[in-house]
There are 2 protein chains.
Amino acid sequence: MTQPATTLANRVCEAIVQDIVTGVIPQGAKLNEPELARVHGISRGPLREAMSRLEAMRLIKRVPNVGARVVDLSYDELLEIYQIREALEGLAARLAAQNMSKAEAQDLRNLLVDHERHIEQTHGESYFKQEGDVDFHYRIVQGSNNQRLINILGGELYNLVRMYRYQFSLSSNRPQQALKEHDQICAAIEEGDAELAEWLMRRHIGNARRNIMQRMQADANPAGDS
Amino acid sequence: MTQPATTLANRVCEAIVQDIVTGVIPQGAKLNEPELARVHGISRGPLREAMSRLEAMRLIKRVPNVGARVVDLSYDELLEIYQIREALEGLAARLAAQNMSKAEAQDLRNLLVDHERHIEQTHGESYFKQEGDVDFHYRIVQGSNNQRLINILGGELYNLVRMYRYQFSLSSNRPQQALKEHDQICAAIEEGDAELAEWLMRRHIGNARRNIMQRMQADANPAGDS
DNA sequence: GAGTCATATATTGTCTACAATATTTAGTAC
DNA sequence: GTACTAAATATTGTAGACAATATATGACTC
């Protein structure tokens, strides 16, 4: 139980990340330094350092002498994120197919079996609403063995994806289809077919992107029955 | 001449970035906070904030309660960077082909004409040793119109690429070939052929990667004439 | 002489106070 | 009543001092 082993800035940073992702601090909200510091029981120094990290994660935007605001999630930004995910996770899948150990591949497979069971039990309601999907993608990224790739995807993009999911209820409405695509990707990795893994992953994220974009546009223009 | 409009941390951050990239502060060097602050004539507060940004750019690594060191450039890390560049700049080229205005495309073409002239005049010695190559790639990234992509590539990856070039003298040894590839990419963008632009860019960076890796391995194992 | 422990030093982490800038509010002119 | 100006307020940026941790030094044991 050597709990600290870290710095105040670190701890508070994680706490604020969670608050932003889950919407406790809403989009566009201004971050007041003295107040935030008081809430978390620290001084402004470490708090500002935590905010620097939030800025690096692109969860807040800072303007000199004016202050910091939580980013506004928009249709365009989500599109940007998915474009990047398509490219980077395609790479991750390729590298994972080349580099993953037998044990890691087996873990990935086990995860999918769990997913399947959950989807059956809950009729597709549960897992993809939560973190199951992110888990699958995160493991592949880990398996890429490319530390910089891991940092980019894990450090900033996935937090934003989680944020969209929480706040826009963007869970998958096609869990069976997504699971099937996951299964294909996993198979390609198991066989060490790097090119196929990349291609499947790109298509998978492309599908998710199109699906989400379609739903967001539908939300923006509520079904007219003209 | 309203020069400030920014913060001390910003300015000092840029200065330190330059020092790290150009090797004034060498790889693996420890960054002593009081000393650095004194050198730049600021206090430790803003300095630490600048260091947070350096950390976000992955130019330094921090360990709590121990300190910060400049990253060590390695063969493996360079490979990681080029893998990511291949994926992301492929995306950038695709988007640029879709989004670049006529004027932007013309600017890109002019840049290439300049490059060509420089290569002819200097017999391929000059431009690629400096920033000409980065310029070309940077403009395409800008033309992608994807702000997050611009941030990732411009904010951290390009600084590291510059750092490798400065410190490992990794200028291109195939300027004519590289220029030809640039020309092809530019043509694809001009014609709005997104798929081709992506494919060409990926091949271009893949070529550069293989070329550089080969030379680095040759350096590591100096030509044996067994 | 090598290794280990304790002390001393240096460095990072944190807090409080102050200065500079931006925002808000009140007042005045039209 | 609206638009502009100026004071008042609040917030961010910066500096310096203190606390906690890690590193270096030196004495002591085996």
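So that the names make sense, note that chain A is the first sequence line, chain B the second, and so on, each numbered from 1.
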Of residues 34-57 of chain A, the positions that come close to DNA chain C - non-hydrogen atoms, cut-off under 4.0 Å: A/Ile42, A/Ser43, A/Pro46

Tell me the interatomic distance from [X], atom [atom1], to [N], atom [atom2], rounded to whole angstroms.
X: A/Glu33; N: D/dT11; atom1: CD; atom2: P; value: 10 Å
X: B/Arg69; N: C/dT12; atom1: CZ; atom2: C1'; value: 14 Å
X: B/Leu8; N: C/dA20; atom1: CG; atom2: P; value: 12 Å
X: A/Asn65; N: C/dA20; atom1: CG; atom2: C1'; value: 7 Å
X: A/Asn32; N: D/dT9; atom1: CG; atom2: C1'; value: 13 Å

With sequence neighbours excluded, residues passing side-chain contact (heavy atoms from CB on, under 4.5 Å) with B/Pro26: B/Ala29

Set of residues satisfying side-chain contact (heavy atoms from CB on, under 4.5 Å) with respect to A/Asn110, sequence neighbours excluded: A/Gln106, A/Asp107

Ring pair (Phe, Tyr, Trp, His ring centres under 6.0 Å) involving A/Phe168 - partner list, sequence neighbours excluded: A/Tyr164

Side-chain donor/acceptor pairs under 3.5 Å, residues 40-47 of chain B, sequence neighbours excluded:
unit_1: B/His40; atom_1: ND1; unit_2: B/Leu36; atom_2: O; d: 3.1
unit_1: B/Arg44; atom_1: NE; unit_2: B/Glu33; atom_2: OE1; d: 3.1
unit_1: B/Arg44; atom_1: NH2; unit_2: B/Glu33; atom_2: OE1; d: 3.0

A/Lys30 side-chain N/O to C/dA22 phosphate OP1/OP2 under 4.0 Å: no

side-chain N/O B/Thr7 vs D/dT12 OP1/OP2, d < 4.0 Å: no

Any side-chain donor near an acceptor of the partner, B/Arg162 and B/Asn159, under 3.5 Å: yes

Five-pair end axes of the helix from C/dG1-D/dC30 to C/dC30-D/dG1, angle between them (10°): 10°

Please enumerate all residues that pass side-chain hydrogen bond (donor to acceptor under 3.5 Å, both in side chains) together with [X], with sequence neighbours excluded.
X: B/Ser144; answer: none
X: B/Asn145; answer: none
X: B/Gln147; answer: none

